[in-house]
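Only one structure is covered here, and it is reproduced in the block below.
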Amino acid sequence: MAALQVLSVVSEIFPLVKTGGLADVAGALPGALAAEGVEMRTVVPGYPAVKAALEAPKTVARIADLFGGPATIVAARAAGLDLFVVDAPHLFDRPGNPYHDGDGVDWPDNPFRFAGLARAAAEVGLGAVDGFRPAVVHTHDWQTGLTAAYMEYDGRDRPGTVATIHNLAFQGQYPKELLAPLGLPPHAWGVEGVEYYDTIGYLKAALRMSDRITTVSPTYAAEIRSGEGGMGLAGLLAGRAEVVSGILNGIDTDVWDPAKDPLLPNHYDAVSSWSRRGNKSALQRRFKLRADRQAMVFGVVSRLSWQKGLDMVLEGIETILACGGQLALLGSGDRDLVAGFRRAAAAHPGRVGCIIGYDESLAHLIQAGADVLLVPSRFEPCGLTQLCALRYGAIPLVTRVGGLADTIIDANEMALEAGTGTGIMFTPPNVDMFRAAVQRAAGLYEDQDVWQRLIRNAMRTDVSWARSAARYAALYRGLVAERGG
Ligand code: ADP
C-alpha cells in the first residue's frame, strides 16, 4: 500500500516544546503512524526552542505578510520528527511559554499568532510546498482550529480534514471585530462558519468545518455530546455525531520504559517489580519523606487545576495519613492549590512532600517509586499520567470519567477474582468518595500478594500507540476513500 501523506498541525510538540499531554501526543503520533504506512509531517510555530533544534533547515515557501510581518516555511528534521516550521519572528520569537508571558498573562496577539499558524498550515495543505500534497490535514485543539476554515474559504481543491479535541475546556474565542483582520470573508460569520456565541470561535470553526472529529477517548467522545461535558459545543457535536469518534492516546513506550529508563536509579519489569523499592527510597529522599519501606506512597504528577480535582487530595489528606500513607506531589498551576500543598507539607513534615514546578525526571521517579498515582480528575479527555503509572506499576487511583474510565480496570472483587484489576476507580468526584477510594487502596495494599498481582496486571497493560495508530490510519484512509482519493 502506498504511504499516505498526512499533515499534522499543532502548537506544541515533545520533546521540543511541551506544556501538557498535547505535546506528547503530537510528538508520538508520527512514529506510531509510520508503522501503519502513514507519513506524517508536522507544522509547528518557530518558537526559539524549535528553531534551535532544527537539523538541515531549508526554506520551502514564503508568505509575504502573515499578520504583520513576513514568514517562511522551513522544512527540517528535529528530534526524529519531520517538521514544517512557521518561521515568523514577529509572532513566535518570544521567550518561555507558547501561550503566555512570564506572569501567566496570555500574549495579547494570540488571536493572530495562532491564526498565523493555521494560515501557514492551510497554505502547506493546499500545496505551497513543491512536491508535497497531503491527503489529509489533521489539526489539534483550538490553536490550529482556523486551518480548516482557511482551506474551506480559499476555494481551491482541499485535502480531507480531521480535528482532534484534546481538551474542550480551551476553545479560543475572540471578538467578532477581528473577522476581517484575520482574513476571514464576511460569509464566514454565521453558525455554519466561525461564529460562536457572538465571538469568533477557533475550536468551533474546526468542529463545524472538519470532515472528521476525533477526541482522545471513547468515553470523552460520548461525554462531550451532552450537557455540561459539551462546554457549549454539545449541540454541534451531537448534530455531527456520525463523524465524531474517540481514539485513545498511547504513550511512547521507549521514553517510558522502566527496564531501561536512564532517569531511574533502579530498573525493573513486571516480574522484577520488587526492584521498585530502591526507587521508592530515592523518591522518599527527594521529597524529604520519612525513609519507610512499608509506608504507602501516594504520588501526584499534574497541572494543579480545578479539572484535575487536586482540591480533593488536599481535603482528603488526613485520610491518606490515617492509613499510614505519605504524599509526594509534583505540579504547578493554581495559586491556591500551590499554597495549600505547601501548607500541608509544612504541617506534616516527613509525611507530605511537595515540589512545585515542572520536572520531567522527577515525574519518572514518582511513577517508578510511588505505590499509588492519584488522578482524581473532574473531567479527563484521556489522561497520560495514568498510562505512565500502569507501565511503571504505580497503581492509578482515578475518577470514573473520560479516558480514565477507558484505561483503568477497577480492582473490585470480581476483577480481582478474574485477575484483571489494574487500579482503583471512584465516582462521583467528591472528597467523600475520594476518601473511600484511598481506604480501599490501603486495604488492598495490606495484602501484598494482592498488591503485587495488581502491579503485574497494570504493568502488562498495553499502553503503547500500536492499537490507536491503526485506528487513526483507518480513519484517514476511510476519509480519503470517501472523498474519492
Ligand atoms: P494535561 O495535558 O491535561 O495536563 P495529561 O495527563 O494528558 O494532562 O498529560 C500531562 C503530561 O504532562 C504528562 O506527560 C505528565 O507526565 C506531564 N506533567 C504534568 N505535570 C508535570 C510536572 N509538574 N512535571 C513534569 N511533568 C508533568
Side-chain angles (χ1 to χ4, degrees), residues 10-29 97-99 140-143 164-170 215-217 219-220 224 231 246-258 261 263-264 283 286-287 299-310 313 327-334 337-338 341-342 353-370 373-392 394 396-399 401-408 423 463 465 468:
V10 72
S11 59
E12 54 183 277
I13 190 161
F14 182 84
L16 307 178
V17 187
K18 168 170 164 175
T19 71
L22 171 63
D24 290 314
V25 175
L29 261 184
N97 187 284
Y99 312 118
H140 302 270
D141 275 352
W142 73 267
Q143 296 90 336
T164 292
I165 304 166
H166 295 265
N167 194 335
L168 203 56
F170 306 108
T215 186
V216 287
S217 69
T219 295
Y220 194 59
I224 59 178
M231 299 187 164
I247 303 179
L248 278 175
N249 287 334
I251 55 170
D252 187 327
T253 47
D254 289 326
V255 173
W256 292 96
D257 181 356
D261 185 337
L263 300 170
L264 302 184
L283 178 64
R286 268 311 293 275
F287 281 81
V300 173
V301 179
S302 186
R303 285 188 290 122
L304 303 180
S305 73
W306 181 85
Q307 175 195 339
K308 301 291 181 182
L310 295 167
V313 176
L327 177 69
L329 173 134
L330 168 67
S332 61
D334 185 281
L337 286 170
V338 168
F341 282 109
R342 285 205 164 118
C354 77
I355 296 181
I356 302 303
Y358 189 93
D359 186 328
E360 200 73 33
S361 69
L362 256 188
H364 285 236
L365 183 61
I366 291 176
Q367 299 285 14
L373 187 87
L374 299 172
V375 195
S377 304
R378 291 194 164 82
F379 69 93
E380 193 58 78
C382 178
L384 295 176
T385 53
Q386 86 280 10
L387 300 181
C388 302
L390 288 172
R391 178 117 171 113
Y392 277 47
L397 186 157
V398 306
T399 39
V401 297
L404 300 172
D406 291 338
T407 54
I408 304 301
V463 291
W465 270 102
S468 298

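In what follows, every heavy atom counts, from backbone to side chain, and hydrogens, waters and symmetry copies are set aside. We count residues from 1, following the sequence as given. Indexing begins at 1, ligand by ligand and atom by atom, following the structure's order.
- Every atom of ligand 1 with a heavy atom of Asp24 under 4.0 Å away is listed here by number and element: 11 (C), 13 (C), 14 (O).
- In this structure, Val401 and Ser377 approach most closely via the heavy-atom pair CG2-O, 3.7 Å.
- Under the 4.5 Å side-chain criterion, counting only non-hydrogen atoms from C-beta, Tyr392 is in contact with Asp261.
- A heavy-atom distance below 4.5 Å is not found between the side chains of Asp24 and Asp252.
- In this structure, atom 5 (P) of ligand 1 lies nearest to the protein heavy atom Leu384 N, 3.6 Å.
- Taking distance alone, with nitrogen or oxygen atoms compared against 3.5 Å, Glu380 stays at or beyond that limit from ligand 1.
- Between Val463 and Trp256 the shortest side-chain heavy-atom distance does not fall below 4.5 Å.
- Closest approach of Gly423 to Ile408, counting heavy atoms only: CA-CG2, 3.7 Å.
- When only non-hydrogen protein atoms are considered, atom 22 (C) of ligand 1 lies nearest to Tyr358 CD1, 3.5 Å.
- Counting only heavy atoms of the protein, atom 24 (N) of ligand 1 lies nearest to Asp359 N, 3.0 Å.
- In Asn249, neither the side chain nor the backbone holds a heavy atom less than 4.0 Å from any atom of ligand 1.
- Looking at Ile366 and Leu283, their side chains come closer than 4.5 Å, going by heavy atoms from C-beta outward.
- Side-chain contact between Lys18 and Glu360 is present, with at least one heavy-atom pair separated by less than 4.5 Å.
- For Gln367, the closest heavy-atom approach to ligand 1 does not fall below 4.0 Å.
- Heavy-atom contacts of Arg303 reach the following atoms of ligand 1: 1 (P), 3 (O), 4 (O), 20 (N) (cutoff under 4.0 Å).
- Close approach to Ser302 involves these atoms of ligand 1, each under 4.0 Å from a residue heavy atom: 20 (N).
- Residue-ligand proximity, Gly357 to ligand 1, at heavy-atom distances under 4.0 Å covers atoms 22 (C), 23 (N).
- Shortest contact from atom 8 (O) of ligand 1 to any protein heavy atom: Lys308 NZ, 3.1 Å.
- In this structure, the side chains of Asn249 and Trp465 come closer than 4.5 Å at one or more pairs of heavy atoms.
- Ranking protein heavy atoms by distance to atom 2 (O) of ligand 1, first place goes to Gly21 N, 2.7 Å.
- Residue-ligand proximity: Gln386 is placed with every non-hydrogen atom at 4.0 Å or more from ligand 1.
- Checking each of Asn167, Asp406, Leu404, Leu248 against Tyr220 for a side-chain contact (heavy atoms from CB on, under 4.5 Å) leaves exactly one that passes, namely Asn167.
- Looking at Leu168 and Pro381, their side chains never come closer than 4.5 Å, going by heavy atoms from C-beta outward.
- Which parts of ligand 1 touch Gly20 is read off a 4.0 Å heavy-atom cut-off, strictly below it: atoms 2 (O).
- Every atom of ligand 1 with a heavy atom of Gly331 under 4.0 Å away is listed here by number and element: 23 (N).
- Ligand 1 has no N or O atom lying under 3.5 Å from any N or O atom of Ser332, backbone or side chain.
- The closest approach between any non-hydrogen atom of Cys382 and ligand 1 is not below 4.0 Å.
- When the shell of 6.0 Å around CZ of Arg286 is examined, it contains 12 or fewer heavy atoms from other residues, nucleotides or ligands.
- Backbone and side-chain nitrogen or oxygen atoms of Gln307 are examined, and none is located within less than 3.5 angstrom of a nitrogen or oxygen of ligand 1.
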| task | Just do the salt bridge (charged side-chain N to carboxylate O under 4.0 Å, His left out) check on Asp334 and Arg303 with the steps written out, would you? | result | CA-CA 8 Å; Asp334 185 281; Arg303 285 188 290 122; over 6 Å; no

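- With a 4.0 Å heavy-atom cut-off, ligand 1 is reached by no atom of His166.
- An N or O contact shorter than 3.5 Å is missing between Glu360 and ligand 1 by distance.
- Nearest protein heavy-atom neighbour of atom 15 (C) of ligand 1: Thr385 CG2, 3.6 Å.
- Proximity of Ser217 to Thr407: side-chain heavy atoms (C-beta onward) are nowhere separated by under 4.5 Å.
- Of the N or O atoms in Asn167, none lie within a sub-3.5 Å distance of an N or O in ligand 1.
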